[in-house]
Amino acid sequence: TELTGSELRTRVAAELQRTRRRSTTLTSAVDDDDLVRQHSPLMSPLVWDLAHVGSQEEQWLVRDVGDRPALRPDIDDLYDAFQHARSDRPTLPLLGPREARGYVSTVRDKVLDLLDHVSLEGRPLVEQAFAFGMIIQHEQQHAETMLATHQLRRGEPVLDAEPTPHAPDADSLPEEVLVPAGTFTMGTSTEPWALDNERPAHDVHVDAFALDTTPVTNGEFRRFIADGGYDQPRWWSRQGWEYRQRAGLRAPLFWESDGVTWLRRRFGHVEPVPAEEPVVHVSFHEAQAYANWAGKRLPTEREWEKAARFDPRTGRCLRYPWGDHEPRPEDANLGQRHLRPAPAGAYPAGAAPCGARQLIGDVWEWTASDFAPHPGFEAFPYREYSEVFFGPDHKVLRGGSFGTDAAACRGTFRNWDFPVRRQIFAGFRCARTPAPEETR
Ligand code: AVJ
Ligand code: FE
């Protein structure tokens, strides 16, 4: 459904505003010392993320789309993620908290003004307000990054959230769902704000596979730990075992044991690890080791997307597991509404046609696949968004987490990271190649 020009402008303005409220919350919850401090060498200071978001908005919307004069060309380099590693960013002459807040609000005022005047036709960058959608998604992606910084931060809790919904029929769900062999259309050529790496739509054959109905839970992961999973190289790839040894891994990040119970630190709260919640803060290597131990494997990215989008009743793909409508609160745990995953089996309304639950929201799910271009990929609007990351160094994650906003999440959305990363809100579910008699 295409929106008219004025509906589109109204929607863009509302999304910009909603997104900025989130950035403001995440950067007002702590004092100025905490904003400029580095909470982990893996992360930028929060005040860097804030001004970086403004800098990208200035470059793409004020200068490029709006063709207006530059505001702060002198700081382009400071906030270019490719110029400075995250670990070095605290040593840069960054804008302070007050200056950064002033800068992002000045940029935003210019953008809201030009949104009323600029044509939304004639250039690929503005077609269906793409550049605005890209900048909204960019700010939301940094809001998730800032949330991960909050999780790494030591100290008293400063963020609040509602409790998660229950999973009333969790006990009666099958452990796995079966997806029959066949072709489906992966990716998209029609989703207006899809990023370059989600394009174009293309047909892919996928053999029959079984997929866990829900993500692997803390309770299940504890059994892997108790069975010596972290001490047995046979479950790990060679690289995974080397990493496990080097990093001294024994449990997911943020877990600690007093020898009897496992506790976890979550946004400043120390609490018993809840058995029924999807495990989060595990690396690709830990996910893969667990899957091997369980006699299964990680799903390929194609399998994940087919499970999440293919509707065998029509032979077509949906935008989301539940259909084509935007995520509602009863469909998925998105948008930092709950600062934790919901129990496995929650969100029956968000189930995919194959019966799998929680494919969108709760935890990012590691896949077995390297980040690679879809056939026919074209970098747009810049090579540094996706293209420079293609290759065997990055594994694909799918589905979004409780920290991901709906604007930056859909059935085709692709995320990627190094296989050793654990500070992101990542978990996984397992897949399995069924025996021939199971698929008859
Ligand atoms: C798609 C989440 C891997 O955070 O590095 C933010 C998104 N790109 N700014 C990242 C992104 C540029 C990206 N990920
Ligand atoms: Fe960025």
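First listed ligand is number 1; within each ligand, the first listed atom is number 1. Quick note: residue numbers are just sequence positions, from 1.
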Check contact between Tyr385 and ligand 1, using heavy atoms of the residue and a distance below 4.0 angstrom.
yes

Please work out whether any backbone atom (N, CA, C, O) or any side-chain heavy atom from C-beta onward of His138 is under 4.0 Å from ligand 1, and answer side chain, backbone, both or neither.
side chain

Does atom 3 (C) of ligand 1 have any protein heavy atom closer than 4.0 Å?
yes

Please say whether the positively charged group of Arg11, taken as NZ for Lys or CZ for Arg, lies over the ring of Trp193, i.e. under 6.0 angstrom from the six-membered ring centre and within 45 degrees of the axis.
yes

Tell me whether the rings of Tyr290 and Phe221 are parallel (<30°), tilted (30 to 60°) or perpendicular (>60°).
parallel

Nearest option to atom 11 (C) of ligand 1, as decided by whichever heavy atom of Gln141, His394, Arg421, Glu139 sits closest:
Gln141

Please calculate the NE2(His52)-the Fe ion (ligand 2)-NE2(His142) angle and round it to 10 degrees.
90°

One residue to check: Trp416. Relative to ligand 1, which of side chain, backbone, both or neither has a non-hydrogen atom less than 4.0 Å away?
both

Salt bridge or not for Glu303 and Lys306, using N-O below 4.0 Å?
no

Look at atom CZ of Arg337 and say whether more than 12 heavy atoms of other residues, nucleotides or ligands are closer to it than 6.0 Å.
yes

Give me the one residue out of Glu326, Glu191, Glu198 that meets salt bridge (charged side-chain N to carboxylate O under 4.0 Å, His left out) with Arg410.
Glu198

Pair Phe418 + Phe284: ring centers closer than 6.0 Å:
no

Ligand 1 versus Asp417, non-hydrogen atoms closer than 4.0 Å: side chain, backbone, both, neither?
neither

Parallel, tilted or perpendicular: which fits the ring planes of Phe267 and Phe425, with parallel below 30° and perpendicular above 60°?
tilted

Would you mind telling me if ligand 1 is within reach of the side chain of Gln56, the backbone, both or neither, using heavy atoms under 4.0 Å?
neither

Among all protein non-hydrogen atoms, which one is nearest to atom 5 (O) of ligand 1, and what is the separation to 0.1 Å?
Arg86 NH2, 4.7 Å

Nearest non-hydrogen protein atom, atom 14 (N) of ligand 1
Asn415 OD1, 3.6 Å

Give the residue, atom name and distance (to 0.1 Å) of the protein heavy atom nearest atom 6 (C) of ligand 1.
His142 NE2, 3.3 Å

Hey, is atom 8 (N) of ligand 1 touched by any protein heavy atom at less than 4.0 Å?
yes

Do other residues, nucleotides or ligands put more than 12 heavy atoms under 6.0 Å from Asp116 CG?
yes

